[in-house]
2 protein chains.
Amino acid sequence: MEKPQITRPEDACGKGFDKVFAFLREQFLAGAIKPGDRLTPERELCQRLGVSRPVLREALRALAMIGVVEILHGVGTIVRRPDVSVLGEFFAFALAQRADMTDDVMQARIAIECQAIRLACQRATLADIERLRGALDHIRSTIDDPTAGAEADHAFHDAMVRASKSETLLCLYQAMGEVLRQSHRDRRDLVRRYGNMKDHVAQDHERLFQAIVARDERNADDILRKHFAIGDEYRRRAALADPSAPT
Amino acid sequence: MEKPQITRPEDACGKGFDKVFAFLREQFLAGAIKPGDRLTPERELCQRLGVSRPVLREALRALAMIGVVEILHGVGTIVRRPDVSVLGEFFAFALAQRADMTDDVMQARIAIECQAIRLACQRATLADIERLRGALDHIRSTIDDPTAGAEADHAFHDAMVRASKSETLLCLYQAMGEVLRQSHRDRRDLVRRYGNMKDHVAQDHERLFQAIVARDERNADDILRKHFAIGDEYRRRAALADPSAPT
DNA sequence: TGACCTGATGTGGTATGACCACACTACTGA
DNA sequence: TCAGTAGTGTGGTCATACCACATCAGGTCA
């Protein structure tokens, strides 16, 4: 007739999956397990936690999904520091079926890049400047190639965000990586259609680079905003001319 | 000697977990399953996909972790639209063991809010203005209460981001929710220590509100940046006076 | 002696079948 | 009519066996 019969005190919290997840979560947040560690083998761990292997594996998969651990077949389960790549996965799902969202993501891009360029003005090292210069050269040399041009464009902006030396900004920026690349490709399609836009692209990035070198925060911010505004203007124009084109 | 013996053509892709995950992912991205739908029961689905239930459940748990589905005991597995709350979980892990990160998150906050206030100047409705006015009044009336004051402060900034009408910005902003609340609490502790900061807090928010009403993007951005800079200045001063205090 | 092959071992990966727990529904009885 | 209850469908868990991969020690052959 007696029911629960809790074998151990620490079992008081959730059962099964929740228990395992909470345990691992606590271990991680408390620093008991750190990035780089190899987790206890599944068979032993599930026995120690008093759950079955499938349940333990559910928890591990869940943690793997947000990048807390990496499961390697035949090797073991390694603890990792959550990486932005998982946010990419999240955004892929979050932005699905929301075509309008692509446009809205641009606002986040502007937000991050404008703050990044300000920080870059304060913090950019010589190496950052050199990287930006290289990206700038690449933009000039690929101005007529939509694909390579889009990559070069993205590389420049990426280098800019890196120069901000803010991991959080970089994290958010990379999280939107896939969507941003698409945005760059779209823009380059416009370049092909509107010849004079070619000049804008080269000039804008040149001025952005100069502003960073001059460490003129405010000016850099302004130039960047205008750069985005012009792209937006062209996009709008294209949308009017060809309603079937992506907005 | 023959090895693979693929039973069905569609099995060509990954096996087990990967196959299931890829299948569900594709179904979701293609729109075959939409938020609100109830997924096929586990027993039937795993049979249809040719995998075992534990494996299927691993995939479902993984999707549940990023908010794509919600698993309800005794009811079924419901498809959801990924919500920002899962990012909170991610940040909890990502920020663990990185005290310095709290400071860096501030940069993302500045980035998002500065863009948000610009958009708010363009898009704020009367309802948004009223909400901001209410938050402003609340800030004034709770100026001496650290706890309620921090909430009021957060409410004002939250209303500001909402007024931007950008779901992406709001998404990112809320993802940092917990960290931001802590930042507001820290700031209010400073208010208690430095009496004259009280005036700054009230004045700054008043000016932010006025700038939004006047729809003066540029000015609003400037005021907001100064607002953050002053808070940063006080924080630095506090850190010097009391090295044990949170930076 | 050296490189290469091969097996043993430890790890994650999967399958199966049974049973438990919960939510909902429909039936039954008062 | 209503409340209680049994049935059904769903997710939740367990135990065990076996498969697949990675690693390394030991042996084999040149």
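What's counted below: heavy atoms across the whole structure, side chains too, no hydrogens, waters or symmetry copies. Convention: sequence-line order gives letters A, B, ...; per-chain numbering from 1.
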Show me, pair by pair, the donor-acceptor contacts under 3.5 angstrom made by side chains of residues 86-96 of chain A, not counting sequence neighbours?
unit_1: Glu89(A); atom_1: OE2; unit_2: Arg25(B); atom_2: NH1; d: 2.1

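- Checked against side chain to side chain donor-acceptor pair (under 3.5 Å), Ser166(A) has the following partners two or more places apart in sequence or in another chain: Asp104(B).
- For Ala64(A), the side chain to side chain contact (heavy atoms under 4.5 Å, CB included) partners at least two apart in sequence or on another chain are Val69(A), Ile71(A).
- Applying the side chain to side chain donor-acceptor pair (under 3.5 Å) test to every pair with at least one member in residues 67-78 of chain B, sequence neighbours left out, gives these pairs: Glu70(B)-Arg80(B).
- Under the rule for a side chain to side chain donor-acceptor pair (under 3.5 Å), the partners of Glu42(B) that lie at least two apart in sequence or sit in another chain are Arg53(B), Arg57(B).
- For the pair Arg43(B) and Val51(B), both in contact range of DNA chain C, the more 5′-proximal nearest nucleotide belongs to Val51(B).
- Nucleotides of DNA chain C with any atom under 4.0 Å from a heavy atom of chain A span, from 5' to 3', dG10(C) to dT14(C).
- The stretch residues 58-76 of chain A touches DNA chain D through His73(A), Gly74(A), Val75(A), each having a heavy atom under 4.0 angstrom from the strand.
- For Glu26(B), there are no side chain to side chain contact (heavy atoms under 4.5 Å, CB included) partners two or more places apart in sequence or in a different chain.
- Applying the side chain to side chain contact (heavy atoms under 4.5 Å, CB included) test to Cys114(B) and every residue at least two apart in sequence or in another chain returns Ile110(B), Asp221(B), Leu224(B), Arg225(B).
- Where DNA chain D meets chain B (any atom under 4.0 Å from a heavy atom), the bounding nucleotides read 5' to 3' are dG9(D) to dT13(D).
- With sequence neighbours excluded, no residue forms a side chain to side chain donor-acceptor pair (under 3.5 Å) with Ser52(B).
- Scanning for side chain to side chain donor-acceptor pair (under 3.5 Å) contacts around Asp232(B) gives Arg236(B), with sequence neighbours left out.
- Using a 4.0 Å cut-off between charged side-chain N and carboxylate O, Asp128(B) and Arg123(B) make no salt bridge.
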